[in-house]
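Protein chains get the first letters and strands the later ones, always in sequence-line order, with residue 1 at the start of each.
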Amino acid sequence: MRRASAFGRFGRAIAIAVAALVTVGGAPLSLAAAETETMTVCPTCEISSLAEAIASAPAGARVEVHGGVYPGGLVIEKPVTLVGIDGPVIDGGGSGTLLQVRGAEVAIEGFTFRATGSNHDREDAAIVFDGGRAVITGNRIEDALFGIYLKQAHGSIVRDNVILAKQVDVAMRGDGIKVWYSNDTLIENNVAQDGRDVILWYANGGTVRGNDFDRNRYGLHLMFSNGIRIEGNSLDENSIGLYVMYGRDITIVGNSLSNNHGPSGGGLGFKDVDNAVVEGNRFVANQIGAQVDTSPVQPGVENLWRGNVFAFNDIGIGLTPSVRHNIFTENSFIDNTEHVSVLGRGQLRDLTWAVDGRGNYWSDYAGYDADGDGVGDRPYRSQRLFESLMDERPVLRLFQFSPAALALDFAAKAFPEVRPETKFEDPAPLMQAPRSPYLPPVAAAPTGSRLALGVASSLALIASLAVVLRLRPVFSTAKRGSRPAYALGG
Amino acid sequence: MDGTIVAAIAAREARAAVRSKWFVLYAVLFAVLSVGFSIVAMGGSPLTGEPGFGRTSAGLLNLMLLMVPLIGLTVGAQSLVGERQDQSLEYLLAQPVSAAEVFLGKYLGAALSLVVTLLLGFGCAGTVLAIRGGSAGVGDFALLVALTLLLGLGALSLGYLISSFTAQMSAALGIAITLWLAFVIVGDLGLMGSAMVMDLSPETLLTLTLLNPLDVYKLLSVDQLQASLDVLGPAGAYAMERFGRALVPTLLGVLALWVLAPLPVGYRLFTRTDVR
């Protein structure tokens, strides 16, 4: 399979690039720290002001900051390493940017940043890099309009940070992490919650891996960014989990996107995306698992969807009628209210639903597999009357789950005259849901109220049984079906 | 009105209802149904992790929508008319009891038998769920039970209303089944057709659907199981936008109205038919 090898090469290239980045980026900093001067800052030390320490530190110095609260508004214009020990806090008191770096390679580690301003014109942030290169690890950022803002800071690393947005009206929130014209950044194992987006603008190359972006507007948002690898992230309860707009060579592997709802919300959104590989992701209980608009755009380019799980979404995949040249193979569509929806009027065309005789798994496939090769002997046809009515007139969605909708579908099955056109056809539906090796591990279902549920239910059961036995003794001598005698009070 | 007399009549009615073959049929059917529902809808799976509200659970919700109103309507419809037909109602009313006591007592008795039918089913379902280790919250589950009870009682009240003026059991059951068909299929199909032909706005469509207690129940249970009405398209979004936090209380109010409103009307018809 040509696609597979292309994907493999691409993956290896990324892995090598990341490895190179980490060694080249990490080593000189630690070496520098060992060789150069170390300064210590604490409220009772000789140097108690962090701003003063930064001003007086020589280039390449390591500044160790001990517990205490330090004011914001810091500016760094030379390479230094800031290390927080015992949880020092940099507090902006609700105004301005807390720490700004201009054109220098700066490492920031182990701080708590708190209370930025809330001015969108100045884009008040906890940490801003104007050029230079950032290594930001293990910090906690609270009450921030923008969390970490990297402008033209190529090859930066943002790792193990927790970013909690300022609790203002949704329209007034800023981005947890904003990357602007910065290539080859690594964003890894961060948590960003309750903000606007984690967003990459005009970024080429780079990896976003193992992060938890929850309850934001867009969990992760790419604008005009190419060659990004998005891997093993958990994007839950956002309006849209992951939105890719105007990009190419995007790899999305092993992410978990669940419970993303909102006005035109959903798990994954594609708008004008070329040469994307979406593999081994889990889309659960989203409004739309993945919505695809005009992707790919370029002729001769294909997008590949392989080994993903789409389960319990209102719509598994929504495709605008303009979408062509997408390949779907070995995906599982489980119990989505509607597996595949056409978003708008038109027909699905030029989509590939099986590769090398392997299609997708459909939980409502009613065919059989007589030759036992794991592939259904009859194609899976999406041809439900009520679904096609809903696609055409969304207002009819109100009647979903009603017996009337069921009756319509039944009528369409029984009478070919009213049968809608086939929406799409998977020529080789799989009998078992395939398990892609990239699928993220499943979080254990909470069992908290199991005991309470068991007790309550058995009580209800026992009580109702008691009532029945009292009213209808098993060994009753009364003639069956006869009405009891009229003994009021008896 | 004497409470002990009402209780006595209720107990008598419940005893009669529970001893009928209908009760066994309904109880067994409903128990099988709800066990299936909870296992599929709230069990989760190793591939997907969390349980979800999907097509299968929707199908079973569908079965609830078919079963519960049918049970409620037929149990209610048989209540007064059966005794009227074998003339024991006349005998009962000749006793030193008031018409109101008979009317209320018989309703409460029928309600008790209905509640027991439904609780038997839900009790089985919840127990199975707890043993299998589903992740259903006890709160969610209780809410679904309460909603279904409310729907059942609404259907019961309507059936009782039918029972209060019909002379023949067959007529009462006929009307009940017709009503059931209207609520379950015909009403929604008609609305769907009108929505397509006349391009009804989500607002109009939602208002019209709220007239059907089954749709109200469906909105409520989808809202509870899904935590959102997004899945119901523009009309669902409109419902959330229009009612906001008042959505659940409003819908509950509408359902409660279906339980209570038929009773005074039924009582009036009952006194006109049987008390001269």
Side-chain angles (χ1 to χ4, degrees), chain A residues 258 261 263 282 284-285 287 309 311-312 314 332 334-337 363-364 389-390 393-408 433 435 442-443 445-447 449-454 456-458 460-465 467-468 471-472 480-481 483-484 486 488-490, chain B residues 4-5 8 12 14-16 18-20 44 46-56 58 61-62 65-66 88 91-92 95 116 119-120 122-124 126-127 129-131 133 135-138 141-142 184-185 188-189 192 195-196 202 205-206 209 218 222 228 230-236:
Chain A
S258 60
H261 286 264
R282 183 177 283 118
V284 176
Q287 194 166 330
V309 172
F312 304 122
D314 299 352
S332 306
I334 301 171
D335 249 349
N336 301 291
T337 311
S363 59
D364 59 340
L389 288 178
M390 280 193 317
R393 289 176 190 268
V395 74
L396 291 184
R397 285 190 186 278
L398 182 60
F399 297 102
Q400 277 192 103
F401 321 124
S402 70
L406 206 68
L408 269 184
R435 299 203 172 196
V442 168
T447 52
S449 57
R450 211 171 131 185
L451 186 69
L453 180 65
S457 304
S458 21
L461 192 58
I462 290 167
S464 40
L465 269 178
V467 173
V468 172
L471 296 175
R472 186 195 172 96
R480 286 207 149 202
R483 286 191 167 266
Y486 296 112
L488 291 182
Chain B
T4 53
I5 295 179
R12 176 176 163 280
R15 199 177 303 124
V18 166
R19 288 183 185 198
S20 80
L47 197 64
T48 57
E50 30 194 319
F53 183 85
R55 200 179 273 188
T56 317
L61 181 65
N62 242 322
L65 278 170
L66 289 172
S88 53
Y91 178 73
L92 180 60
Q95 305 296 318
V116 165
L119 279 188
L120 273 177
F122 280 122
C124 293
T127 312
L129 208 60
I131 293 169
S135 59
V138 66
F141 194 74
V184 165
I185 293 189
D188 278 0
L189 275 184
M192 269 185 226
M196 285 163 67
L205 198 61
L206 181 76
T209 2
K218 190 187 77 185
V222 170
S228 144
D230 289 336
V231 68
L232 297 179

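The residue among B/L66, B/V184, B/V116, B/D188 with the most heavy atom pairs within less than 4.5 Å of chain A is B/D188. The most heavy-atom pairs under 4.5 Å with chain A, out of B/L119, B/I185, B/L205, come from B/L205.
Side-chain atoms of B/L120 and A/L461, non-hydrogen and from C-beta on, do get closer than 4.5 Å to each other. Put simply, the side chain of A/L389 does not reach to within 4.5 Å of the side chain of B/M192, judged on heavy atoms. Within the 4.5 Å cutoff, no side-chain heavy atoms of B/L189 are placed close to those of A/F399.
Only the side chain of A/Q287 comes within less than 4.5 Å of a heavy atom of chain B; its backbone N, CA, C and O stay farther away. Contacts between A/V467 and chain B at a heavy-atom distance below 4.5 Å involve the side chain alone, from C-beta outward. When heavy atoms are compared at a cutoff of 4.5 Å, B/T209 approaches chain A solely by way of its side chain, counted from C-beta outward.
The minimum heavy-atom distance linking B/K218 with A/Q400 is given by the pair NZ-O, 3.0 Å. Of all non-hydrogen atoms in A/S457 and B/G126, the two that sit nearest each other are OG-CA, 3.1 Å. Nearest heavy-atom pair, A/R393 versus B/A195, reported as atom, atom and distance to 0.1 Å: NH1-O, 4.0 Å. Of all heavy-atom pairs spanning A/L398 and B/A235, the tightest one is CD2-CB, 3.7 Å.
With hydrogens and angles ignored, the 3.5 Å screen pairs a side-chain donor or acceptor of B/R19 with a backbone N or O of A/L471.
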